[in-house]
Amino acid sequence: MFRSTIGVAALVLFAGCGEQSAVDPSKPLQPGQQTYQRFCISCHASGISGAPPIGNAQAWAPRLAQGEAVLLQHTIEGMASAGMPPRGMCVACTDQELKDAIHYMSAPAQ
């Protein structure tokens with residue numbers, strides 16, 4: 001019973017972690033785009049729990065005002081108050097990959 005509960009919980013937790021297929025395969029990916037598509041999109045596309053969506057200047061402005069180092073620190077450590085897990089659940093991502101994902105998500109809002 002305990003193992004099946006763990007299995008169901010893992011499936012629910014990782015349900016949003018798949019890659020999106022709406023990308024044109026003939027175009028090269030921008031730095032951070034693949035990380036965004038695999039890990040960040042499940043919250044940042046819809047703005048769930050206050051996650052700032054791509055292109056939403058109003059949502060990104062206060063975060064960008066804190067500076068890149070703070071944004072990266074919040075990504076690495078997670079934001080428990082907002083429901084963001086450490087490293088956005090990308091435990092294998094390097095700090096540079098996370099920084100690239102931040103740039104990818106915030107650039108259209110700047």
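- In this structure, the side chains of Met84 and His74 stay at 4.5 Å or more apart for every pair of heavy atoms.
- Trp60 places a side-chain N or O within 3.5 Å of a backbone atom of Pro53 that can act as its donor or acceptor partner.
- In this structure a side-chain-to-backbone donor-acceptor pair under 3.5 Å is missing from Gln37 to Gln34.
- Counting heavy atoms from C-beta outward, Asp95 and Ile76 have side chains that approach closer than 4.5 Å.
- Clustering ILVMFWY residues whenever any of their side-chain heavy atoms sit less than 4.5 angstrom apart, transitively, puts Leu64 in the very cluster that holds Met105.
- Within the 4.5 Å cutoff, no side-chain heavy atoms of Arg87 are placed close to those of Thr75.
- Here the side chains of Tyr36 and Ile54 are in contact, with some heavy-atom distance below 4.5 Å.
- When all heavy atoms are compared, the tightest approach of His44 to Pro52 is ND1-O, 2.9 Å.
- Side-chain heavy atoms closer than 4.5 Å link hydrophobic residues (I, L, V, M, F, W, Y) into clusters, and following such links, possibly through other members, connects Leu72 to Tyr104.
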### Task
Test side-chain hydrogen bond (donor to acceptor under 3.5 Å, both in side chains) on His103 and Glu68 and set out the steps.
CA-CA 9 Å; His103 288 177; Glu68 182 178 289; 2.7 Å; yes
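- Note that the OG1 atom of Thr35 and the CG atom of Leu29 stand 9.5 Å from one another [nearest 0.5 Å].
- Contact detail for Pro28 and Gln33: the closest heavy-atom pair is O-OE1, 4.4 Å.
- One N or O on the side chain of Glu97 and one on the backbone of Thr94 form a donor-acceptor pair closer than 3.5 Å.
- For the cysteine pair Cys93 and Cys90, the distance separating the two SG atoms is below 2.5 Å.
- Taking OG of Ser42 as the start and CE of Met89 as the end, the distance is 7.5 Å to the nearest 0.5 Å.
- What you find for Arg63 and Ala59 is that their closest heavy atoms are NH1-O, 2.5 Å.
- Summarising the geometry of Pro62 relative to Gln58, their closest heavy-atom pair is CD-O, 3.4 Å, with the distance given to 0.1 Å.
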